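Everything on this sheet refers to the single structure shown next.
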2 protein chains.
Amino acid sequence: MAGVRAAQKEKTRRALIQAAMNQLSAEHGYASLSLREVAREAGIAPTSFYRHFQNMEELGLTLVDEGGLTLRQLLRQSRQQIAKGGSIIRASVTTFMEFVTNNTAIFRLLLQEKSGNSREFRLAVTREVEHFTAELVDYLVDEQQFAREVAELQADAIVRIVFSAGADALDADTKERQRLTEQTIAQLRIVARGAESMRQAAKTKELTAP
Amino acid sequence: MAGVRAAQKEKTRRALIQAAMNQLSAEHGYASLSLREVAREAGIAPTSFYRHFQNMEELGLTLVDEGGLTLRQLLRQSRQQIAKGGSIIRASVTTFMEFVTNNTAIFRLLLQEKSGNSREFRLAVTREVEHFTAELVDYLVDEQQFAREVAELQADAIVRIVFSAGADALDADTKERQRLTEQTIAQLRIVARGAESMRQAAKTKELTAP
DNA sequence: GCATTCAGTGAACACGTGTTCGCTCAATTT
DNA sequence: AAATTGAGCGAACACGTGTTCACTGAATGC
């Protein structure tokens, strides 16, 4: 019971996942992913695909799950960078862009595939993004002492800006990506200032008309 | 030379465009648009499609052009609403969301199709979005007296937030759309405050160390 | 009135697709 | 050692796709 069989199965399963990722590009999206092409790239017969996934859909959902893991990893690494000191915003955005650059396939799914998918697929992506946003809200509340309501507005705005810039970064060269990074940092600073000013206003109001 | 012929041709051309738009939905994106299905919905034979467009690609680019027109119309209507007085941000966001609701197909192309298309298609979309952003920059510079640099940061952030929210609104029910609208308004206010505070900081700096 | 232009057609093509079925044969279980 | 399990396979299927070609017939130009 060395599990040779199970190990081999897992191996070709990974091969299928990797093959699907390799096929994702700007011109060739998830919607036009074909079972036969994926199987070919993974080096197995088309029919063997079904030994691992019931559907292309099921493979897609698996990929989104991988995306969720990547997002959590991104959060962890971001926190580590922040702990090292320096600008929180700069560290976060830089880490984010690094992750995008090094996991293009996954971020294509998370940032660019907003249409042309099954409802279930979109829900899965939304779930991961919402989880990410929720983590950011918690950070703003716990570490930055924002009121929950403002933190939610701010976090959602940040995620929209950063994810949108990330989507652009996927199809940009190094130089353009650098520009996007700096631009995003500056924009998040604007948002932070705005949120800060909301906090001040709320405090003032609280004192004058409690 | 009454132009009966030309008129009929234009009519079925519009029918093709309309047919393509009708086929766009959350589950069925631009990538999986099929020549035959579009022709069928337009009420012509598949082969007749080629009398009007060389490609599905060419139809797609035409649709993006329509999107550009819609964006310009949106800007005009937004300015009219602003001229009526009241909150500039509220008027703009409300108008935007109305347009999204009433032109779902076009905004699906502009807001949700970021991947799985030809390079040319993506460039066309980007061109329209950038034009929109440039108009917004001009507004912030001319009417709100922002420095160009800050205006560009702010405009890009606004477009990212609003377009992202618009993309979500496309697949939301009325109530959720209302929530998105209010949320977006609040977020733009945060951004406006942040940008304003940048302006103050710049001024101060200018006075203290010119 | 006659000749020409041209939007629309139907048949036919080569091709890629997802999915089924029964088979093999090594890993595993008994 | 014998029996069972299960990943991987090739043949075959029905189907939708884009594109070609020669043809029709009404609108147009002369």
Side-chain angles (χ1 to χ4, degrees), chain A residues 1-25 27-63 113 115-121, chain B residues 1-25 27-63 113 115-121:
Chain A
M1 63 146 222
V4 179
R5 202 134 152 172
Q8 179 55 34
K9 177 163 188 182
E10 182 60 17
K11 196 174 157 193
T12 85
R13 191 186 134 99
R14 294 305 309 174
L16 281 169
I17 291 174
Q18 197 52 56
M21 286 184 177
N22 289 345
Q23 309 237 353
L24 287 176
S25 68
E27 3 272 318
H28 197 82
Y30 170 73
S32 58
L33 224 51
S34 122
L35 184 149
R36 285 176 107 107
E37 275 193 48
V38 169
R40 196 177 313 138
E41 170 135 358
I44 63 172
T47 60
S48 302
F49 181 94
Y50 296 104
R51 300 288 179 202
H52 303 269
F53 302 99
Q54 203 177 355
N55 270 342
M56 273 298 308
E57 173 78 9
E58 197 174 305
L59 210 196
L61 293 177
T62 305
L63 291 178
E113 297 283 351
S115 170
N117 320 121
S118 73
R119 181 175 158 72
E120 201 171 350
F121 180 91
Chain B
M1 62 149 219
V4 179
R5 195 111 149 206
Q8 179 55 34
K9 178 163 185 181
E10 182 60 18
K11 195 174 157 193
T12 85
R13 191 187 134 96
R14 295 304 311 175
L16 280 169
I17 291 174
Q18 196 53 55
M21 286 183 176
N22 289 345
Q23 308 237 352
L24 288 175
S25 69
E27 3 271 318
H28 197 83
Y30 170 73
S32 57
L33 224 51
S34 122
L35 184 150
R36 286 178 107 105
E37 273 192 50
V38 169
R40 196 177 312 138
E41 170 135 359
I44 63 172
T47 62
S48 301
F49 179 94
Y50 296 103
R51 302 290 180 202
H52 302 270
F53 302 98
Q54 203 179 354
N55 271 340
M56 273 299 307
E57 173 77 10
E58 197 174 306
L59 209 195
L61 293 177
T62 305
L63 291 178
E113 296 282 351
S115 170
N117 319 121
S118 74
R119 180 175 158 75
E120 201 170 350
F121 181 91

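Here is the naming used below: chain letters follow the sequence lines, and residue numbers restart at 1 for every chain. Keep in mind it's a predicted model, so treat the numbers as computed, not measured.
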message = Working note: Glu10(A) + Arg14(A), criterion side-chain contact (heavy atoms from CB on, under 4.5 Å); need CA distance, chi angles, decisive distance, verdict.
response = CA-CA 6 Å; Glu10(A) 182 60 17; Arg14(A) 294 305 309 174; 3.7 Å; yes
Set of residues satisfying side chain to side chain contact (heavy atoms under 4.5 Å, CB included) with respect to [X], sequence neighbours excluded:
X        : value
Ser34(A) : Arg36(A), Glu37(A)
Ala19(B) : Val38(B), Glu41(B), Ala42(B)
Arg51(A) : none

request  = Could you tell me whether a side-chain N or O of Ser118(B) sits under 3.5 Å from a main-chain N or O of Phe121(B), the two making a donor and an acceptor?
outcome  =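 Side chain of Ser118(B) to backbone of Phe121(B), a donor-acceptor pair under 3.5 Å: yes, one is there.
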ask   = For Phe49(A) and dT20(C), what is the distance between atoms CZ and C1' respectively, to the nearest whole Å?
value =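 Those two atoms, CZ and C1', are 16 Å apart.
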query = Considering the terminal five base pairs at each end of the helix from dG1(C)-dC30(D) to dT30(C)-dA1(D), what angle separates the two local helix axes, rounded to 10°?
reply =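 Nearest ten degrees gives 20° for this helix.
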ask   = What does nucleotides 6-18 of chain D look like as a protein-contact string, B for base, S for sugar-phosphate only, - for none, at under 4.0 angstrom between heavy atoms?
value = BBBBBBB----BB
task = Kindly write out the residues that satisfy salt bridge (charged side-chain N to carboxylate O under 4.0 Å, His left out) with Glu27(B), not counting sequence neighbours, or none if the list is empty.
result =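 Testing Glu27(B) for salt bridge (charged side-chain N to carboxylate O under 4.0 Å, His left out), a comparison that skips the adjacent residues, returns Arg122(A).
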task = Could you check if a side-chain atom of Tyr50(B) sits within less than 4.5 angstrom of a side-chain atom of Asn55(B), using non-hydrogen atoms only?
result =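 When only atoms from C-beta onward are counted, Asn55(B) and Tyr50(B) do not touch, as no gap falls below 4.5 Å.
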message = If I take atom CZ from residue Phe53(A) and atom CG from residue Leu61(A), how far apart are they, to the nearest 0.5 angstrom?
response =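 Atom-to-atom, Phe53(A):CZ and Leu61(A):CG are 10.0 Å apart.
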